[in-house]
Amino acid sequence: MPIRFFNTFSRQLEDFVPLEPGIVRLYTCGPTVYNFAHIGNFRAYVFEDLLQRHLEYRGYRVLRVMNLTDVDDKTIRGCRAAGIPLAEFTKPFKDAFFEDLDALRIKRAQHFPEATAADHIARMISMIETLVEKGHAYRAEDGSVYFRIRSFPAYGQLAHIVLDELQAGVRIRSDEYEKENVGDFALWKAWDPADGDVWWESPWGRGRPGWHIECSAMSTGLLGPQLDIHCGGEDNIFPHHEAEIAQSECVTELQFSRYWLHCKHLQVEGAKMAKSAGNFFTLRDLTKEKGWSGREVRYALLSVKYREPLNFTMEGLGAARSALGRIDEWTRKIREIADSANSADADPPHMRSNLAAFGQALDDDLNISAALASVFDVIRETNRRIEEISPNEAKGLMTWLDGVQSVLGLTSEESEIPQQVRDLVAQREQARLEKDWKTSDVLRDKIQTLGWTIKDSKNGQKLTRA
RNA sequence: GGCGGGGUAGCCAAGUGGUAAGGCACGGCUCUGCAAAAGCUGUAUUCGUCGGUUCGAUUCCGACCCUCGCCUCCA
């Protein structure tokens, strides 16, 4: 069964066939580093991570690029307000972004190009020059350069927007009165006093690149003129991705991206996430202040299909914690059985269809809900007959789980147990052998105060973080 | 106003023209020195509302209600 994706461009499910067999060129729009990214941003990045991991699970080599927008209105405003150079202002947010990626176990792309890098600026300028030469762009009096959307008849095809309807009701901003058409967008923005010392030289005078050209230049520069998949949040469809198509295709005269995948926004507690509503969360708010782990947040963001709106709730985080506990517990049990396996041949035959269901669900436009359901089906079924599971079968299950976890990225971190706790557990073991329950309970409390919870099982004491 | 999503048990959510996956929560049971944990198990005559097509619709069609996104730099 082929992998199928819903292509925003055609608005249909399509079989996925990359341009070059075995290789996927993937471009994903990254953050604007003027602030800490919020969980809505991370829904998109987690979805893209799932996409990359599943493609890799299916044997593709994924070449991925994610840009960092480190110059735009907001970053300039921020550095001016702070009275520091632009790069100094954006640096901490870049660092924080990578920390957050790690916390959410998002695999690194091959490249994280920064818009302000000299070679990328050069490429943007060169693309704009080509667009001007070809008549797709024009210089306004103030030195800004605009893309002439009338010169690209396909403009609007991705978003399914009819240009004539677009005109109605749009207010023309005073600083852009020189545009031929209200829909024309900036490729190059002329320097303005409010920009301070943020500017680059160009054939049109001092200024800075527009947002859209940044992605066109960095994607085609690093991945070549044609991408297999281009992703982003649904809000990027128009105008951002529409503009990228126009700019790129007018330069390369090739189809820019073969597949467009967009994820829906999330809501928080059933409402639109907004600072004013008090339901606005960065990842740090959840991990550092509320004590959720990155893995738990990842599960909450991952467990709903990317094309459905996701309702992010505190209760949902609790559900994520419990569900992960169930997976962890099962993993621990099966691994214990598998440890005594003596054969490398371990393919549980009667489980095969269940085991395959995981990948098949993801092949179907990344149906993660169905994929997770298949995982829990396997867990329930094997728990039911846990006493009969042979070491070899357990080993087979662990192999399957390795594959599943390479996609989900939800493996439990086997935490280091401090020596002090180890000693107390040993003492308690002795007390229990002597049926000294009083001492046993005292030790259990003591261990609890050190941040670890004891659970007595048939096979002895089990430790988990409190 | 235009375009596009979504409304399925207490919560989060799959899904299909033929009679509702999975997770969480809750109840029952097993296990257990106690406790907790863990495991098994039960729980939607019903899929926003009203019509229509059909032998049969949650699934197709129409209308309506609610909600979210985009409509020029917001994932």
Side-chain angles (χ1 to χ4, degrees), chain A residues 8 11 28-32 37-48 69 72-74 149 156 159-162 164-173 176 179 181-186 189 210-212 214 231-240 242-243 262-267 270-273 299-300 303-327 329-330 332-333 357 361 367-377 379-380 383-386 432 435 437-438 440-441 444 448 453-458 462 464:
Chain A
T8 305
R11 305 231 170 142
T28 53
C29 284
T32 300
H38 58 70
I39 53 170
N41 302 121
F42 285 115
R43 181 192 193 186
Y45 306 144
V46 166
F47 140 64
E48 289 153 359
T69 298
D72 80 320
D73 290 349
K74 281 175 287 200
I149 59 171
H160 294 222
I161 280 176
V162 180
D164 293 333
E165 290 173 2
L166 193 64
Q167 322 281 322
V170 174
R171 58 194 185 285
I172 298 173
R173 293 222 299 267
E176 294 187 340
K179 293 196 289 188
N181 185 304
V182 287
D184 290 353
F185 54 87
K189 300 184 120 176
W211 176 40
H212 311 308
E214 177 195 310
C231 297
E234 58 175 335
D235 57 323
N236 275 159
I237 296 171
F238 192 87
H240 186 50
E242 196 71 62
H262 294 95
C263 71
K264 288 281 186 297
H265 281 189
L266 58 69
Q267 288 184 268
K272 182 177 176 175
M273 181 167 72
Y299 188 99
S303 57
V304 175
K305 265 193 85 168
Y306 77 96
R307 276 201 301 124
E308 301 294 331
L310 181 161
N311 188 8
F312 190 91
T313 63
M314 292 305 124
E315 193 181 345
L317 280 171
R321 178 171 289 177
S322 300
L324 286 168
R326 183 164 160 82
I327 297 171
E329 190 61 30
W330 179 83
R332 187 156 57 180
K333 269 188 303 208
N367 189 340
I368 187 66
S369 300
L372 284 172
S374 79
V375 171
F376 286 107
D377 283 342
I379 289 177
R380 181 172 8 82
N383 270 334
R384 231 180 245 154
R385 52 185 187 83
I386 191 75
R432 293 174 63 74
K435 296 203 185 292
W437 307 122
K438 199 172 174 187
S440 170
D441 289 352
R444 179 169 59 189
Q448 182 73 38
T453 301
I454 288 276
K455 296 169 198 164
D456 293 319
S457 80
K458 235 182 264 180
K462 302 239 155 127
T464 52

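Since this is a predicted model, take the numbers as computed values, not measurements. A, B, ... follow the sequence lines: proteins, then strands. Residue 1 opens every chain.
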What distance, rounded to whole Å, do you find between the two [atom1] atoms, one in [N] and one in [M]?
N	M	atom1	value
B:G39	B:A25	P	11 Å
B:A37	B:C29	P	16 Å
B:C11	B:G18	P	27 Å
B:U46	B:A20	C1'	8 Å
B:U49	B:A57	P	15 Å
B:A9	B:U58	P	15 Å
B:A75	B:G5	P	23 Å
B:G48	B:C31	C1'	44 Å

Between [X] and [N], is there a side-chain N or O to OP1/OP2 distance below 4.0 Å?
X	N	value
A:K74	B:C74	yes
A:R326	B:A38	no
A:R11	B:G4	no
A:R332	B:A37	no

Pairing nucleotide - [N], Watson-Crick or G-U, each distance under 3.5 Å:
N	value
B:C11	B:G23
B:C60	B:G52
B:A35	none
B:C40	B:G28
B:G1	B:C71

Tell me, please, which residues at least two apart from A:N41 pass side chain to side chain donor-acceptor pair (under 3.5 Å). A:H38
List in chain and number order the residues that pass side chain to side chain donor-acceptor pair (under 3.5 Å) with A:T8, two or more places apart in sequence or in another chain; answer none if no residue qualifies. A:H262
Please state how far atom [atom1] in [X] lies from atom [atom2] in [N], giving the value in whole angstrom units.
X	N	atom1	atom2	result
A:K272	B:A75	NZ	P	14 Å
A:I161	B:C3	CD1	P	11 Å
A:W330	B:A38	CH2	C1'	15 Å
A:H265	B:U67	NE2	P	19 Å
A:K333	B:C31	NZ	P	16 Å
A:E234	B:C68	CD	C1'	8 Å
A:K264	B:C68	NZ	C1'	10 Å
A:N367	B:A14	CG	C1'	6 Å

Enumerate the protein-to-nucleotides 6-12 of chain B contacts in which both atoms are nitrogen or oxygen and the separation is below 3.5 Å.
| residue | atom | partner | partner atom | Å |
| --- | --- | --- | --- | --- |
| B:C11 | O2' | A:E315 | OE1 | 3.4 |
| B:C12 | OP1 | A:N311 | ND2 | 3.1 |

[X] side chain, from C-beta outward: closest of [options]:
X	options	result
A:F376	B:G22, B:C74, B:A14	B:G22
A:F238	B:A38, B:C71, B:G23	B:C71
A:R380	B:C71, B:G23, B:A14	B:G23
A:A319	B:C24, B:A21, B:A75	B:C24

Heavy-atom check, side chain of [X] versus side chain of [Y], under 4.5 Å:
X	Y	result
A:W211	A:D72	no
A:M273	A:H265	no
A:E242	A:I161	no

Taken in chain and number order and not counting sequence neighbours, the residues that satisfy salt bridge (Lys or Arg N to Asp or Glu O under 4.0 Å) with A:R384 are none
Counterpart residues, salt bridge (Lys or Arg N to Asp or Glu O under 4.0 Å), relative to A:E329 (two or more places apart): A:R332
Please classify the nucleic acid contact of [X] as base, sugar-phosphate, or nothing, using heavy-atom distances under 4.0 Å.
X	result
A:A373	base
A:K438	nothing
A:N236	sugar-phosphate
A:H262	nothing
A:R444	base
A:K305	sugar-phosphate

Would you confirm whether A:D184, through its side chain, and A:I149, through its main-chain N or O, come within 3.5 Å as a donor-acceptor pair? yes
Closest to the 5' end of RNA chain B, once A:H212 and A:S322 are matched to their nearest nucleotides, is A:S322
Classify the ring geometry of A:H212 against A:F185: parallel below 30°, tilted from 30° to 60°, perpendicular beyond 60°. perpendicular
Scan residues 307-322 of chain A for pairs that pass salt bridge (Lys or Arg N to Asp or Glu O under 4.0 Å), counting only residues two or more places apart or in two chains. A:E296-A:R321, A:R307-A:D365
